[in-house]
Chemist: 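Take this structure, written in structure tokens, and hold onto it; I'll ask about it next.
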Amino acid sequence: MEPCSFIALKRFSCNKVSIEQFALSFMPYNHQHIEAKWQKFWEEHNVYRTTTDTTKPKYYVLDMFPYPSGAGLHVGHPEGYTATDIVARYKRMKGFNVLHPMGFDAFGLPTERYAMTTGIHPAKVTEENIANFTRQLKSLGFSYDWERVINTTDPEYYKWTQWIFLLIYNSWYDDEQQRARPIEELPIPPEYTTPLEIQQYQDSKRLAYIAEIPVNWCEELGTVLANEEVDEWVSKGYTVERRPMRQWMLRITAYAERLLRDLSLVDWPHSTIEMQKNWIGKSEGAEVIFPLVGHDDGITVYTTRPDTIFGVSYIVLAPEHPLVDRITTPEQRKAVEEYKKSVALKSDLERTELAKEKTGVFTGAYAINPVNNATVPVWIADYVLAHYGTGSVMGVPSGDQRDHDFAQTFGLPIPIVVQPKDPKLAASWDFSRYAFEDYDNAIAVNSKTENISLDGMDSNTAKKWITLWLESEGLGKLKVQYKLRDWLFSRQRYWGEPVPIMFFDDGTRRALELDELPLCLPDIHDFQPTGTGESPLAKVEGWVNFVDKKTGKKARFETNTMPQWAGSCWYYLRFIDPKNTTALVDKAQEQYWMGTGEHGGVDLYVGGAEHAVLHLLYARFWHKVLYDYGYVSTPEPFKKLFHQGLILGEDAVKMSKSRGNVINPDDVVQEYGADALRVFEMFMGPLEATKPWSTKGVEGVARFLHRSYRMIADEDTGTLLPNVQDVELTPEQSFLLHSTIKKVSEDIESLSFNTAVAQMMIFVNEFTKAEIRPRIAMEQFVLCLAPFAPHVSEELWHILGHTRSVTQEPFPEYDPACLVQHEVEIVLQVNSKVRAKVVVPADADALALEMIALQNPTIQKFLNGKTPKKVIAVPSKLVNVIV
RNA sequence: GCAGAAGUGGCGGAAUUGGCAGACGCGCUGGACUCAAAAUCCAGUGGGCUAACCACCCGUGUGGGUUCGACUCCCACCUUCUGCACCA
């Protein structure tokens, strides 16, 4: 076989060769040539096309798709993308049918703001940015099936985003069946008879609804800001105020319990699961009614510490609480009004930032403690949040530090109703300064009337007991509460999915139907905000106002658009069947790629930890709605999740333009090659760790790749080295080869890419020393390297004489027999200190090892004639002689 | 304040059913090749002590503990990073 010399000659005359000839021509190792050559080859041969082949086991490995910003890819992107690419390539070689897609989350404010300043249409900017991202991603040699690419701003895509929104809109949550159901199936209570009443009742139960809620309004920007955006703009000098506005909301709270419970089904980072649990924030307590003096009704408070109810010193309502106006006495009205006004001006941020000092005002009203009939004053204070619980709390200064602070500030009494269990601590606890909040180690005191007593009970028992008692007396009830709030789902922007709902003059409305979707964005040229709190869509007369074809009525479209989260809530489903025009995803394909039941879902999902809560919670919510209707087969969308760590600048701080420490992947690819960038990013350290960039490190990896190449081929001619021959491996070579295959396979499975690379480096270091290099070892090494450095591996694979793409070869299997060692080096210790090392037969038992140790001259020297008290021998490890 | 993660050479990191700490890479030192440089190759590289890379001693954030033996397990503490933050 002499193909190589023949081929080597060919490189001088390959100006117009066909791709096959081109692929078979070699050249000196030059990463730019090699990478361009194989990327072209892969593309032209559709090497990464995925079909739904149900005869093979499937593997769905997904990246969090990027927002295509004008800045292009940064070095953080290739980190996660390389990791998933390695897994995808490995799984293909292992015989799996792999779905490994890529797309673009392209709606969003930055593009719209760019349009506002330049007048260039966001669609055009988006198109250019996507083209640039695609070029960059392709230059890195990722094995995506580009036939399946998704763009969330494509009407054919957002048609289905709108469709899912309408599915949610047309649903209510059946608490008994614990699932979403069509709104038509909602039982209407008999007292609602007119069509308008029925519509209003249905609207109050829909999973998507309109509400008037306070939002962060920025006058200069002409838009509402998300809570997490407020900080950024305020620091730039903009003012943000709280303003009640009409908004679309999604009732994610209906799914709180399932979102919490089903976290047990997924294989996610512990910290992410904890974050989601905290975000959902489940607590168990009681609602208790405090009757009002001089009124027929009462105040319902929510408390997690009903065991401290005998210690109530006052009641506090949130300033926005609806009862405030009714119960405030004339003498207090002025003070209450002023306080409410001052609170309204504060943003949520200010309310919490200035949290050290408690503020509040007495309403003049009094309430009755239902357990002991004590009369307590009713205050308002901004430390009580209107949107949580019942918007009112019972103040127990001895059991809650916040209540204690409040009582101290306003000179309210501090009745002591809890005590540390530990008598010493109880004696020394200074209740005039601190509440005792450690309820796991507390007992109730001073808590009795003629009817009941909690005295002496530990707090947890007292809590259960008093709750049951309140319930039996009709004074309160057990209550489960979540911190999770409904999802604010509208933005006053142009560049987002239109909400496909129209409003008629008579106050009714109509949602579009499937045959009317997508509701496309109109082509506009003025992207400036309206200034009225409406999106630029409100200015597009011909789009907003129209006569509805289906009803013949004059109608107006919703002008708010959806938030950026919407498109990313379900994109993983669209990748399965991206061109389907009749459904968001074909049922059979969905079942194949997602699997079914509680163990199904995307097999591996990799992305940044910054999405640990919102994106992952929103996507889970939408998935569960789809699950309730049978559109998807698994309760959870993402089976295994992994977060890649942040890559810092070379100076070990976060990369930023202002610091000038930003690394552009294009430059790295240009200078060192995509393979070097890929392997370096994997070699830097554990995938999940935050770690600094190192140009020297990339050079080191580039050196390794060149060494790998030179181990097999002549770097000047690109031909196979004569040293590579069909010879048997020595036992040592065999051991190294098979431990390398084992290590690389296992490390890819566990995403420990850094140690897999280290092992391949060891392999190259050793085999480079060998004068004659066994062909079989070289080939199997190239197969191991292929998922990491696909370009150079493909080149070497062909230099080794193969014609099929390395991406379609099976991954090598290691032979356990080759890993059996006949001799091992063990350590001999005296009093746990290493004193000698000896090579012994691997199967030597404890007794044999003991004999070897005791006869060892060095050990005898340290024993100095003394008799060992004890000898510990661990086969294949060590012998420890104790004297 | 609460929750989570993590502290190992000059640097990135490796090794945890408890068993040779520092694999691999970077950097550095010396050497080969070269007129010279780059590239490449070879050797060395935790600290101390020492004439000695003979031996010995110390060493995985700090202080205790368990054990024949601890980077690994237990207790207390310190530091850093990330998220949440008056959620009653």
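All heavy atoms count here, side chains included; hydrogens, waters and symmetry mates do not.
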Chemist: Using only side-chain N and O atoms of A:Lys696, determine if any of them is under 4.0 Å from OP1 or OP2 of B:G27.
Modeler: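 For A:Lys696, the contact criterion (side-chain N or O under 4.0 Å from OP1 or OP2 of B:G27) is met.
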Chemist: Can a donor-acceptor pair under 3.5 Å be found between the side-chain atoms of A:Lys870 and the base atoms of B:C68?
Modeler: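 It does not, because no donor-acceptor pair links the side chain of A:Lys870 to the base of B:C68 below 3.5 Å.
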Chemist: Which whole-number value in Å describes the distance from A:Glu699 CD to B:A38 P?
Modeler: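 After rounding, the gap between these two atoms is 13 Å.
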Chemist: Could you let me know what B:A3 is paired to, Watson-Crick or G-U wobble, both distances under 3.5 Å, or none if it's on its own?
Modeler: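 The base-pairing partner of B:A3, which may sit in any strand shown, is B:U82.
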Chemist: Which nucleotide sits closest to the side chain of A:Thr304: B:A88, B:G19, B:C20?
Modeler: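 When the side chain of A:Thr304 is considered, B:A88 is the closest of B:A88, B:G19, B:C20.
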Chemist: Checking all strands, does A:His706 fall into the base, sugar-phosphate, or nothing category for heavy-atom contacts under 4.0 angstrom?
Modeler: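 Nothing, no heavy atom under 4.0 Å.
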Chemist: With a 3.5 angstrom cut-off on both distances, give the Watson-Crick or G-U wobble partner of B:G25, or none if there isn't one.
Modeler: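 For B:G25, the partner nucleotide comes out as B:C11, under the 3.5 Å rule.
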Chemist: Side chain of A:Leu878 only, please: which of B:G19, B:A3, B:C86 is the nearest?
Modeler: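 Nearest to the side-chain atoms of A:Leu878, counting from C-beta on, is B:G19.
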Chemist: Among B:A88, B:G27, B:C57, which nucleotide has an atom closest to any side-chain atom of A:Arg703?
Modeler: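 Side chain of A:Arg703 sits closest to B:G27.
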Chemist: Using a heavy-atom cut-off of under 4.0 Å over every strand shown, decide if A:Phe862 touches base, sugar-phosphate, or nothing.
Modeler: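 Since only primed, P, OP1 and OP2 atoms lie under 4.0 Å of A:Phe862, the category is sugar-phosphate.
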Chemist: Using the ring of each side chain (for Trp, its six-membered ring), is A:Phe406 parallel, tilted or perpendicular to A:Phe410, with breaks at 30° and 60°?
Modeler: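 Because their plane-to-plane angle lies in the 30° to 60° range, the rings of A:Phe406 and A:Phe410 count as tilted.
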Chemist: Between A:Met275 and A:Gly281, name the one whose nearest nucleotide on RNA chain B is closer to the 5' end.
Modeler: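 Per heavy-atom nearest nucleotide, the more 5' residue is A:Met275.
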Chemist: Describe the nucleic acid contact of A:Ile882 in one word from base, sugar-phosphate, nothing, applying a heavy-atom distance below 4.0 Å.
Modeler: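 If one applies the 4.0 Å heavy-atom cut-off, A:Ile882 turns out to touch the sugar-phosphate alone, with no base involved.
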Chemist: Using only heavy-atom distances, determine whether the side chains of A:His404 and A:Ser398 contain a donor-acceptor pair under 3.5 Å.
Modeler: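 No donor-acceptor contact under 3.5 Å links the two side chains.
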Chemist: With rounding to whole Å, what would you report as the distance between B:C53 and B:A5 at their P atoms?
Modeler: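 B:C53 and B:A5 have their P atoms separated by 44 Å.
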Chemist: Could you check B:G83 for me: syn (within 90° of 0) or anti?
Modeler: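 You should classify B:G83 as anti.
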Chemist: By nearest atom, which of the nucleotides B:A3, B:A5, B:C20 is closest to the A:Val827 side chain?
Modeler: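 Of the options given, the side chain of A:Val827 lies nearest B:C20.
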Chemist: For the side chain of A:Ile872, counting heavy atoms from C-beta on, which of B:C68, B:G25, B:A88 is nearest?
Modeler: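 In terms of side-chain proximity for A:Ile872, the closest of B:C68, B:G25, B:A88 is B:C68.
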Chemist: What integer number of Å spans the C1' atoms of B:G44 and B:A37?
Modeler: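 One C1' to the other, the span is 24 Å.
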Chemist: Rounded to the nearest angstrom, tell me the gap between atom CH2 in A:Trp693 and atom P in B:C26.
Modeler: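 From A:Trp693 CH2 to B:C26 P: 15 Å.
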Chemist: Hey, is the side chain of A:Tyr388 poking within less than 4.0 Å of OP1 or OP2 on B:A88, counting only N and O atoms?
Modeler: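 So the side-chain polar atoms of A:Tyr388 do come within 4.0 Å of the phosphate oxygens OP1 or OP2 of B:A88, strictly under.
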Chemist: Touch check for A:Thr303, heavy atoms < 4.0 angstrom, all strands: base, sugar-phosphate only, or nothing?
Modeler: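 Sugar-phosphate: the residue A:Thr303, judged by heavy atoms under 4.0 Å, touches backbone atoms but no base.
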Chemist: Just to be sure I understand the rule, does A:Lys877 reach a base, reach only the sugar-phosphate, or reach nothing, if contact means heavy atoms closer than 4.0 Å?
Modeler: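 Touches sugar-phosphate only.
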Chemist: Compare the minimum distances between each of B:G4, B:U40, B:A88 and the side chain of A:Val393, then state the nucleotide with the smallest one.
Modeler: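 Minimum distance to the A:Val393 side chain belongs to B:A88.
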Chemist: Check this one for me: any side-chain N or O of A:Arg835 less than 4.0 Å away from OP1 or OP2 of B:C20?
Modeler: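 Result: no.
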Chemist: Verify whether one side chain among A:Arg835 and A:Asn856 offers a donor that lies under 3.5 Å from an acceptor in the other.
Modeler: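 There is no such pair (donor and acceptor under 3.5 Å, judged by atom type) between the side chains of A:Arg835 and A:Asn856.
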Chemist: Using the side-chain heavy atoms of A:Lys833, tell me which of these nucleotides is nearest: B:C58, B:C24, B:A88.
Modeler: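 Of B:C58, B:C24, B:A88, B:C58 is nearest to the side chain of A:Lys833.
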Chemist: Between A:Glu437 and A:Arg305, does any side-chain N to carboxylate O distance fall below 4.0 Å?
Modeler: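 No, A:Glu437 and A:Arg305 are not salt-bridged.
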Chemist: With a non-hydrogen cut-off below 4.0 angstrom, is A:Pro686 in contact with a base, only sugar-phosphate, or nothing?
Modeler: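 It contacts sugar-phosphate atoms only.
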Chemist: B:G59 and B:C77: how far apart are their P atoms, nearest whole angstrom?
Modeler: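 Per the computed distance, 24 Å lies between those P atoms.
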Chemist: Would you mind telling me which of B:C56, B:G4, B:A23 lies closest to the side-chain atoms of A:Ile762?
Modeler: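 Among the listed nucleotides, the one closest to the side chain of A:Ile762 is B:A23.
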Chemist: So what does A:Asn880 hit on the nucleic acid, given a heavy-atom distance under 4.0 Å: a base, only sugar-phosphate, or nothing?
Modeler: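 Base, at least one base heavy atom under 4.0 Å.
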Chemist: Can you tell which of B:A88, B:G13, B:C20 lies closest to the side chain of A:Asn754?
Modeler: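 Looking only at heavy atoms from C-beta outward on A:Asn754, the closest nucleotide is B:G13.
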Chemist: Under 4.0 angstrom, heavy atoms only, what part of the nucleic acid is A:Asn831 near: base, sugar-phosphate, or nothing?
Modeler: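 Nothing, no nucleic acid heavy atom in range.
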Chemist: Please determine if A:Asp307 and A:Lys463 form a salt bridge, counting it only when a charged side-chain N lies under 4.0 Å from a carboxylate O.
Modeler: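 Salt bridge absent between A:Asp307 and A:Lys463.
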Chemist: If you look at every strand shown and take non-hydrogen atoms under 4.0 Å, does A:Glu610 touch a base, only sugar-phosphate, or nothing?
Modeler: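 Since no nucleic acid heavy atom lies under 4.0 Å of A:Glu610, the category is nothing.
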Chemist: Given that both distances must come in under 3.5 Å, which nucleotide forms a Watson-Crick or G-U wobble pair with B:C53?
Modeler: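 Looking at the geometry, B:C53 pairs with no nucleotide.
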Chemist: Kindly determine whether A:Phe431 and A:Phe436 satisfy ring pair (Phe, Tyr, Trp, His ring centres under 6.0 Å), including the steps that lead there.
Modeler: CA-CA 8 Å; A:Phe431 276 100; A:Phe436 187 74; 7.2 Å; no
Chemist: Should the side chain of A:Lys358 and the base of B:C86 be counted as holding a donor-acceptor pair, with the cut-off at 3.5 Å?
Modeler: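 In this structure, the two groups form a donor-acceptor pair.
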Chemist: Looking across every strand, which nucleic acid part, if any, lies under 4.0 Å from A:Gly700 by heavy atom: base, sugar-phosphate, or nothing?
Modeler: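 If one applies the 4.0 Å heavy-atom cut-off, A:Gly700 turns out to touch the sugar-phosphate alone, with no base involved.
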Chemist: Looking at B:A88, I'd like to know if its phosphate oxygens (OP1 or OP2) sit under 4.0 Å from a side-chain N or O belonging to A:Ser283.
Modeler: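 Result: yes.
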Chemist: By nearest atom, which of the nucleotides B:C20, B:A5, B:G25 is closest to the A:His270 side chain?
Modeler: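 Closest nucleotide to the A:His270 side chain: B:A5.
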Chemist: Using Watson-Crick or G-U wobble geometry with both distances below 3.5 Å, tell me the partner of B:C77, or none.
Modeler: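 Looking at the geometry, B:C77 pairs with B:G61.
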Chemist: Would you say the side chains of A:Tyr339 and A:Thr359 form a donor-acceptor pair under 3.5 Å?
Modeler: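 Note: A:Tyr339 and A:Thr359 side chains meet the donor-acceptor criterion.
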Chemist: Name the nucleic acid region contacted by A:Gln481, choosing base, sugar-phosphate or nothing; use a 4.0 angstrom heavy-atom cut-off, strictly under.
Modeler: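 It contacts nothing in the nucleic acid.
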Chemist: Can you check whether A:Lys282's main-chain N or O pairs, donor with acceptor, with A:Gln481's side chain at less than 3.5 Å?
Modeler: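 Looks like no, no N/O pair under 3.5 Å.
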